[in-house]
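We count ligands from 1, going down the list as the structure has it; atoms in each ligand are counted the same way.
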Amino acid sequence: MVHEPDTSVLSVRDLRKSYQLGERSIEVLHGINLDLRRGDLTLLMGPSGSGKTTLLTIMGLLLRPTSGQVLLLGRDVSRLDEWRLPALRRAHIGFIFQGFNLLSALTAVENVEVVLEMQGLRGRAARRRAMELLDSVGLADRWDHLPEALSGGEKQRVGVARALASPAELILADEPTGNLDSKTAAQVVDILRHLAHRENRAVLVVTHDPALRQLADQTIHMRDGLIVEDAKAKPSSELAVPLASAVQRPDPTVPLPVGVLPRAPVDPPYGKLVHHRPRE
Ligand SMILES: Nc1ncnc2c1ncn2[C@@H]1O[C@H](COP(=O)(O)OP(=O)(O)OP(=O)(O)O)[C@@H](O)[C@H]1O
Ligand SMILES: [Mg+2]
């Protein structure tokens, strides 16, 4: 993939993070340098406790570094006033964090609609688009479920549908396939690849699954708060494990991967369906 010179959506420079535990200060990131470019699917791997979530949370502007720079579209945002950050996050960053980013009082489809509404899409048009996005992650038949009535993997996929609905240039996903069976995991990764390759976004995925390396443009390994390797993905001829057929889409004109789960019939138009009210 050819990149423009200025395609880094988010960069970190000499990033350090210490947590205060009582009297003690414990440094968990020891000077991280990293660039996330448009069009790249980057994997972040490493043992439990190596600092992956801490790094992702700082990159998502949800946590401040102790020192170092966070450059969003070339601008250092690591020292900005707190009140400026939510608008930057909404405009530029999509999160897929397990059990984190769903609004518990809203159904699956409404969780996607709120993202569309922030972009000015309303009413039936928003409902129709939200249903399409849920369908693309295999959840058309779960549209009216509240998060509490979804499995972990289904919640994860609503999170993916929300990321699809957002215009964010940067997508941060913390173990988005952790709860999923291998076929559904391959489908989710395929969608994340789509976001990177077809929509030219920068996508960072934390995973413990080495099989996903084959799908990435860049794989970063962390150990004890440091990046120990930053390698380009191997060419497919070197792959030891064949790719699941579900992740190969030969037709690049297909706009979105289609859900792998059997679809229940859904009555169109979606707008006439009952609108759920938050529960007590
Ligand atoms: N709020 C906190 N206060 C103190 N220490 C913390 C805090 N959050 C994380 N840590 C410590 O920082 C280190 C890195 O944690 P982090 O959650 O970033 O790891 P991780 O690589 O995401 O691990 P996992 O693969 O288990 O999710 C760990 O040693 C953890 O105990
Ligand atoms: Mg983690």
- Query: Would you say Gln156's side chain and Pro176's backbone share a donor-acceptor pair under 3.5 angstrom?
  - Reply: yes
- Task: Please check if any side-chain donor atom of His197 sits under 3.5 Å from a side-chain acceptor atom of Asp217, or the reverse.
- Result: yes
- Query: Taking the side chain from Asp76 and the backbone from Leu71, do they hold a donor-acceptor pair closer than 3.5 Å?
  - Reply: no
Every pair of nitrogen or oxygen atoms between ligand 1 and the protein that is under 3.5 angstrom apart - can you list them with their distances to 0.1 Å?
residue	atom	partner	partner atom	Å
ligand 1	8 (N)	Tyr19	OH	3.4
ligand 1	18 (O)	Thr53	N	3.4
ligand 1	18 (O)	Thr54	N	2.9
ligand 1	18 (O)	Thr54	OG1	2.6
ligand 1	19 (O)	Gly51	N	3.4
ligand 1	21 (O)	Ser50	N	3.2
ligand 1	21 (O)	Gly51	N	3.0
ligand 1	21 (O)	Lys52	N	2.9
ligand 1	21 (O)	Lys52	NZ	2.8
ligand 1	22 (O)	Thr53	N	2.9
ligand 1	22 (O)	Thr53	OG1	2.9
ligand 1	23 (O)	Gly49	N	2.8
ligand 1	25 (O)	Lys52	NZ	2.7
ligand 1	25 (O)	His208	NE2	3.1
ligand 1	26 (O)	Ser48	OG	2.5

- Note on the structure: Ignoring waters, protein N/O/S atoms under 2.8 Å from the Mg ion (ligand 2) are Thr53 OG1
- Message: Holding to side-chain hydrogen bond (donor to acceptor under 3.5 Å, both in side chains), I want the full list of residues that pass it with Arg142, two or more places apart in sequence or in another chain.
- Response: Glu154
- Say whether, by atom type as modelled, one donor and one acceptor occur between the side chain of Arg193 and the main chain of Leu41 under 3.5 angstrom. no
- Message: Nearest 0.5 Å, please: how far is CG in Leu102 from CD1 in Ile96?
- Response: 11.0 Å
- Backbone of Ala140 reached by a side-chain donor or acceptor of Asp135 within 3.5 Å: no
- Can you list the residues that meet the side-chain contact (heavy atoms from CB on, under 4.5 Å) rule with Ser25, with sequence neighbours excluded? Ser18, Gln20
- Message: Strictly below 4.0 Å, N to O, side chains only: are Lys52 and Glu175 in salt-bridge contact?
- Response: no
